Asker: 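A single structure is presented below for examination.
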There are 2 protein chains.
Amino acid sequence: MGLILGEDYLRLIVPELPELLLKRYRLLRRIYYAAPAGRRSLAAYFKLGEKVLRRELDTLRDQGLIHVEQRGISLTPAGEALVLGITPYLKLLLGLDAMEKELLKLLKVKRVSVVPGDLEKDEMVLLEMGRAGAKILRECLKPEMVLAVSGGRSCAAVADMLSDLPAPPGITVVPARGGLGEEVDYQANNIAARVARKLKASYRLLHLPDSLSQEALEMLLQEEKIASILELINSASVLLHGIGTAVDMARRRGAGEEEIRMLEAKGAVGEVFGFFFNGRGEIVDYIPSLGLYLEDMNNRVDNVIVIAGGSAKAEAIIAVVGNHPRDHLVLDEGAARKIMALAGIDAQALSV
Amino acid sequence: MGLILGEDYLRLIVPELPELLLKRYRLLRRIYYAAPAGRRSLAAYFKLGEKVLRRELDTLRDQGLIHVEQRGISLTPAGEALVLGITPYLKLLLGLDAMEKELLKLLKVKRVSVVPGDLEKDEMVLLEMGRAGAKILRECLKPEMVLAVSGGRSCAAVADMLSDLPAPPGITVVPARGGLGEEVDYQANNIAARVARKLKASYRLLHLPDSLSQEALEMLLQEEKIASILELINSASVLLHGIGTAVDMARRRGAGEEEIRMLEAKGAVGEVFGFFFNGRGEIVDYIPSLGLYLEDMNNRVDNVIVIAGGSAKAEAIIAVVGNHPRDHLVLDEGAARKIMALAGIDAQALSV
DNA sequence: CCCTACTGGGACTTTTTTTGACCCATTAAA
DNA sequence: TTTAATGGGTCAAAAAAAGTCCCAGTAGGG
């Protein structure tokens with residue numbers, strides 16, 4: 001309470017503080033993830049003049065936060081501790097804490113974690129989201145459970161940011177759904193394997209060809225191997241998935257303009273591993289495949305960790321995660337602010 | 001703990017924050033005490049260019065902290081709340097909190113309160129010290145007690161800053177010592193009366209001519225009235241006094257160069273209502289008068305509130321307040337830093 | 001009653017700082 | 001060995017800040 005009071009005073013009397021703080025924080029964050037980072041590449045990344053950046057680097061160096069060497073810039077232990085530890089404080093200062101509370105009320109989920117920054121402006125935010133998601137994921141893990149993961153960049157970030165401390169024993173990681181052809185790094189199978197490796201858990205994959213007909217899928221269901229994996233998938237008690245915007249996802253699957261117009265007519269805004277949702281959270285279309293039976297998932301999965309960022313995904317997030325008290329939602333500041341705006345809530349704090 | 005952590009991070013990543021914060025805070029504080037304050041008079045006070053000040057005022061106005069009108073600048077309710085409420089937070093940010101702890105260990109007193117700012121650079125600090133002293137004073141008051149106060153600017157500030165909420169009943173305010181001719185506003189008698197008025201308490205004064213001989217004082221002791229007041233003074237359980245530097249005080253009492261050389265030879269550095277202390281806290285001289293018997297005061301007075309500011313008084317403060325576990329010490333940042341420096345402790349945080 | 005000496009706001013010029021664009025020696029990789 | 005990075009430094013242009021002055025209005029003193 002005293003802390004929040006202090007923050008409010010601080011923002012009142014030094015209104016340029018969030019800007020200053022974020023500028024440097026983003027710089028440090030970038031260095032953390034891209035070390036050893038060169039001055040020129042940093043300048044290019046932030047679209048800053050070289051001199052401007054240099055001045056920032058000078059102050060950071062004076063503060064003992066970065067190490068400037070010939071081979072590049074890296075964080076000192078102090079800088080690393082800062083990047084890793086300042087997040088909750090930053091959230092407080094930026095009012096993200098209050099925003100999380102608002103979103104919690106609005107979306108009626110179990111937990112909301114808003115990561116500082118805008119994914120569309122700084123891709124490091126994705127890694128931060130991965131870090132936040134990984135933290136929540138670890139908290140949800142219990143021995144002998146099945147964890148289902150979907151594809152996508154966000155889930156890949158979670159996999160990347162998971163520490164490789166071992167998880168509780170007996171965990172099995174499976175893809176939430178098979179064969180939804182994406183770039184290999186972002187495929188559910190691939191991510192499931194990566195997550196399993198980090199957790200030192202076992203995994204089972206579901207390799208299916210893309211774009212199968214309904215009949216072909218039903219035939220595959222007869223296969224012993226596939227049926228057993230499907231059973232495993234549907235016994236998952238934790239699900240980690242990202243969210244796509246409907247049109248974008250359809251297009252990435254190679255849908256024609258006609259199909260997209262159909263989707264739009266149905267009101268599809270969000271997509272989760274092949275299922276398309278309208279604004280009211282109803283499934284209006286899906287890509288034929290095998291995997292989680294989404295319809296009765298509510299009864300079986302204990303924790304769903306949803307991770308999505310970028311203001312473009314605001315509508316999709318609202319559509320997908322509304323009213324699921326088992327959901328943990330990880331998103332970025334950009335998406336969070338957009339959601340607030342869509343809901344007509346004024347988020348006074350400024351976005352930098 | 002989390003708060004302090006946050007502060008440390010904040011200072012690391014935005015090292016210019018204390019400067020920014022203090023600049024504005026001092027401005028607000030000045031406006032608070034001098035409202036309605038004019039732009040030009042503010043600029044003159046802070047020795048700032050008019051434009052510089054104007055820009056600060058603009059941002060403060062944008063933040064809704066000040067009210068800029070033709071008759072002058074004043075604080076909005078928000079600004080007032082900030083000036084009154086930000087102090088503990090400011091102390092944390094400036095590291096005054098840590099400094100208080102250090103001084104507590106160093107001086108072995110009951111409590112230390114360091115007021116942000118340097119009295120020698122900004123006289124508003126005196127009023128802040130008064131506010132801090134007044135707060136402590138009120139905490140020490142109990143019904144039917146006698147409160148003794150000394151003279152001096154610092155004690156006058158306490159009197160000024162006392163709210164006029166009534167105090168516990170039956171309190172009597174007396175001067176700690178009679179007739180130590182100063183400017184009337186800073187005389188102990190005067191301050192005792194002002195304090196009493198604020199506390200809605202009764203008071204008894206001890207009017208004595210200046211510079212009486214020892215014999216004359218002994219004669220006065222025979223006087224019923226004077227004797228009764230002396231008894232009252234020596235039954236005081238709370239004592240509020242300031243500290244003077246020895247030489248300065250002697251000079252103000254009109255001492256000749258010869259006398260001052262004598263004082264210096266005796267090692268006198270500090271002065272408290274007519275008693276001169278050397279660096280080891282021993283009384284090495286005094287101005288003849290009547291009042292508190294300082295020698296056995298330790299046994300009778302429960303709480304001594306010592307208030308002094310300005311780096312010039314550092315030595316005097318050390319001399320006077322060392323090793324008195326009943327003492328509450330109120331001082332300014334300037335004096336505090338000087339004391340730390342004298343003690344060889346590095347106060348890393350910067351003074352602005 | 002007026003007059004004066006303030007006030008805040010605005011405009012203009014000078015000074016300082018900031019910014020962008022180079023160049024250079026060094027170094028790590030190719 | 002070559003190449004393409006790096007960090008560090010310099011210098012001129014541009015932008016921002018600061019100092020100065022002036023103006024209209026108002027409050028307080030005479």
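Order of the sequence lines fixes the chain letters, A, B, ..., with proteins taken first and strands second; residue numbering starts at 1 for each chain. Source: prediction; values computed, not measured.
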Asker: Start with the C-alpha gap between A/Asp332 and A/Glu120, add the side-chain angles, then the distance that decides, and say whether side chain to side chain contact (heavy atoms under 4.5 Å, CB included) holds.
Answerer: CA-CA 10 Å; A/Asp332 73 334; A/Glu120 290 165 16; over 6 Å; no
Asker: Strictly below 4.0 Å, N to O, side chains only: are B/Arg252 and B/Asp248 in salt-bridge contact?
Answerer: yes
Asker: Please name all residues satisfying side chain to side chain contact (heavy atoms under 4.5 Å, CB included) with A/Asp160, sequence neighbours left out, ordered by chain then number.
Answerer: A/Arg194
Asker: Set out, line by line, the N/O atom pairs under 3.5 Å between protein and nucleotides 6-13 of chain C.
Answerer:
from: C/dG8; atom 1: OP1; to: B/Ala37; atom 2: O; distance (Å): 3.4
from: C/dG8; atom 1: OP1; to: B/Arg39; atom 2: N; distance (Å): 2.9
from: C/dG8; atom 1: OP2; to: B/Arg39; atom 2: N; distance (Å): 2.3
from: C/dG8; atom 1: N9; to: B/Arg39; atom 2: NH2; distance (Å): 3.4
from: C/dG8; atom 1: N7; to: B/Arg39; atom 2: NH2; distance (Å): 3.1
from: C/dG8; atom 1: N7; to: B/Arg40; atom 2: NH1; distance (Å): 3.0
from: C/dG8; atom 1: O6; to: B/Arg40; atom 2: NH2; distance (Å): 3.3
from: C/dG9; atom 1: N7; to: B/Arg39; atom 2: NH1; distance (Å): 3.3
from: C/dG9; atom 1: N7; to: B/Arg39; atom 2: NH2; distance (Å): 2.3
from: C/dG10; atom 1: N7; to: B/Arg54; atom 2: NH1; distance (Å): 2.5
from: C/dG10; atom 1: O6; to: B/Arg54; atom 2: NH2; distance (Å): 2.9
from: C/dA11; atom 1: N6; to: B/Lys51; atom 2: NZ; distance (Å): 3.3

Asker: Name all residues meeting the side chain to side chain contact (heavy atoms under 4.5 Å, CB included) criterion together with B/Lys338; count only those two or more places apart in sequence or in a different chain, and write none if there are none.
Answerer: B/Ser311, B/Ala314, B/Glu315, B/Leu342
Asker: Among residues at least two apart in sequence or on other chains, which ones pass salt bridge (Lys or Arg N to Asp or Glu O under 4.0 Å) with A/Asp185?
Answerer: none
Asker: Not counting sequence neighbours, list each pair that qualifies as a side chain to side chain donor-acceptor pair (under 3.5 Å) and has a residue in residues 64-87 of chain B.
Answerer: none
Asker: With a strict under 4.0 Å distance from non-hydrogen atoms of chain A, what nucleotide opens and what nucleotide closes the contacted stretch of DNA chain D, reading 5' to 3'?
Answerer: D/dT6 to D/dC11
Asker: Side chains of A/Tyr45 and A/Asp122: do they bring a donor and an acceptor to under 3.5 Å?
Answerer: yes
